Amino acid sequence: MNHESESSPDQPDPVDGNPALRARVPDHVADGCFSTGAIVMTGPSEFIVDFLQTIGRPHRVATRVVIPHAVMPQFIDALHTNLDLYRNRFGDPPAPPKPPQQDQQRRPTPQEIYDDLKLPDSVLSGVYANGVMIGHGASEFGLDFLTSFFPQSAVSARIFVAAGQVPRLLESLRGAVKQLEQRQQGGGAGPQDSPDSLPPGPNLDNNEGSDRTDDDEVQE
């Protein structure tokens, strides 16, 4: 699980003395996709992160990433480190607008959330990730989710998220881990709990004018 270093904020940094990870980028994920929100669900052995596109109708799940329980804390630490590096360079990211007050009175059920989302067959089973490489520019973060298997690591999903959305994503990921810990301490609460979600809200700023540079360690 790689994150950026303070000395070179646009490059991944080796963890625990390991050399920087190199990963191949398959053609079908090279362009990536921009996400305006996410839903995080806690499964029996993995977390499911649905990255949403809520610009236009219908709202849709653009990419589903499946992350093992043991990997999620590393992802959270890497994202937290990158957010701190972003703040050191650019200040606090702009907070996205809050939804109207009436939309906050009742938390929607999981069924209601997914009734309003298009879930294409192509993303239904998701992609597996046991690592991540993170980069950022002035206006967005880039998340390269990895499948690290011998003999070659590969990028399984490439997601771009507006910088202002990252604190909410981080909060939601932490909430999912806390939910899992509470379930384990309580002896379990069924095969899958309700999603800890970032409800679709107003459109976020786009990523035009970003000064993000790609990670050299990722090979096209």
Side-chain angles (χ1 to χ4, degrees), residues 1-4 12-18 20-23 26 29 32-33 35 37-52 61-84 107-111 113-114 117 119 122-135 141-161 165-199 218:
M1 185 73 62
N2 287 64
H3 57 79
E4 295 178 340
D13 185 42
V15 175
D16 297 331
N18 292 327
L21 182 64
R22 301 178 68 88
V29 300
C33 69
S35 172
I39 295 175
V40 185
M41 292 179 286
T42 308
S45 59
E46 70 287 311
F47 294 99
I48 300 93
V49 186
D50 281 350
F51 288 96
L52 312 179
V61 178
T63 303
R64 168 171 284 180
V65 181
V66 180
I67 303 174
H69 286 170
V71 175
M72 181 61 80
Q74 301 173 49
F75 175 30
I76 291 173
D77 287 345
L79 191 59
H80 175 78
T81 297
N82 273 264
L83 184 57
D84 284 345
R107 183 184 180 92
T109 66
Q111 188 61 54
I113 292 174
Y114 279 90
L117 289 174
L119 184 60
S122 59
V123 303
L124 190 59
S125 59
V127 297
Y128 178 83
N130 57 5
V132 67
M133 296 175 70
I134 303 175
F141 280 59
L143 312 176
D144 276 359
F145 291 95
L146 311 177
T147 52
S148 296
F149 300 135
F150 180 84
Q152 175 71 62
S153 296
V155 176
S156 55
R158 173 171 285 176
I159 309 294
F160 300 102
V161 181
Q165 193 77 355
V166 171
R168 296 179 63 193
L169 174 61
L170 191 56
E171 179 182 358
S172 190
L173 296 173
R174 286 171 172 162
V177 171
K178 183 177 180 181
Q179 181 186 72
L180 174 65
E181 292 172 348
Q182 292 174 341
R183 188 175 69 186
Q184 291 173 338
Q185 293 171 359
Q192 183 160 294
D193 292 335
S194 300
D196 182 9
S197 64
L198 293 166
V218 178

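Since the model is a prediction, treat every value here as computed from it, not as a measurement.
Of all the heavy atoms in Val40 and Ala176, the pair that sits closest is CG1-CB, 3.5 Å. Of all heavy-atom pairs between Val65 and Ala129, the closest is CG1-CB, 3.8 Å. Shown here for Arg183 and Gly43, the closest heavy-atom pair between the two residues is NH2-O, 3.0 Å. Closest of all the heavy-atom pairs between Thr63 and Val123 is CA-CG1, 4.5 Å. Residues Val66 and Ser125 approach most closely at CG2-O, 4.2 Å, considering heavy atoms.
Using a 4.5 Å heavy-atom cutoff, the side chains of Leu169 and Phe141 are not in contact. Within the 4.5 Å cutoff, side-chain heavy atoms of Val49 are placed close to those of Met72.
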*Going through the checks in order, is the side chain to side chain contact (heavy atoms under 4.5 Å, CB included) test met by Tyr114 and Ile39?*
CA-CA 10 Å; Tyr114 279 90; Ile39 295 175; 3.6 Å; yes

_Working note: Lys178 + Gln182, criterion side chain to side chain contact (heavy atoms under 4.5 Å, CB included); need CA distance, chi angles, decisive distance, verdict._
CA-CA 6 Å; Lys178 183 177 180 181; Gln182 292 174 341; 3.4 Å; yes

_Worked verdict on Phe75 versus Ile134 for side chain to side chain contact (heavy atoms under 4.5 Å, CB included)_ = CA-CA 9 Å; Phe75 175 30; Ile134 303 175; 4.3 Å; yes

*Evaluate the criterion side chain to side chain contact (heavy atoms under 4.5 Å, CB included) for residue pair Leu143 and Leu79; output intermediate values, then yes/no.*
CA-CA 9 Å; Leu143 312 176; Leu79 191 59; 4.2 Å; yes

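Atom CZ in Phe160 sits 12.0 Å away from atom OG in Ser35 (nearest 0.5 Å). Rounded to the nearest 0.5 angstrom, Met41 CE and Glu46 CD are separated by 10.0 Å. Interatomic distance, Arg158 CZ to Leu146 CG, rounded to the nearest 0.5 Å: 10.0 Å. Atom-to-atom distance recorded for Thr42:OG1 and Ile48:CD1 is 7.5 Å, nearest 0.5 angstrom. With rounding to the nearest 0.5 angstrom, the NE2 atom of His80 is 7.5 Å from the CG atom of Leu170.
Residues passing the side chain to side chain donor-acceptor pair (under 3.5 Å) test with His69: none are found, sequence neighbours excluded. Here Phe51 pairs with Phe145 under the ring pair (Phe, Tyr, Trp, His ring centres under 6.0 Å) rule; sequence neighbours left out. Taking the side chain to side chain contact (heavy atoms under 4.5 Å, CB included) definition, one finds that Val29 meets it with Val25, Pro26, Val155, sequence neighbours left out. Legend: residues meeting side chain to side chain contact (heavy atoms under 4.5 Å, CB included) with Glu181, ordered by chain and number and at least two apart, are Val177. Residues that satisfy the side chain to side chain contact (heavy atoms under 4.5 Å, CB included) test with Phe149, not counting sequence neighbours, are Tyr128, Asn130, Thr147.
A distance-only check finds no donor-acceptor pair linking the side chain of Ser172 to the backbone of Arg168 [under 3.5 Å].
Contacts classified as salt bridge (charged side-chain N to carboxylate O under 4.0 Å, His left out) and involving residues 63-72 (residues at least two apart or in different chains) are given here: Asp50-Arg64.
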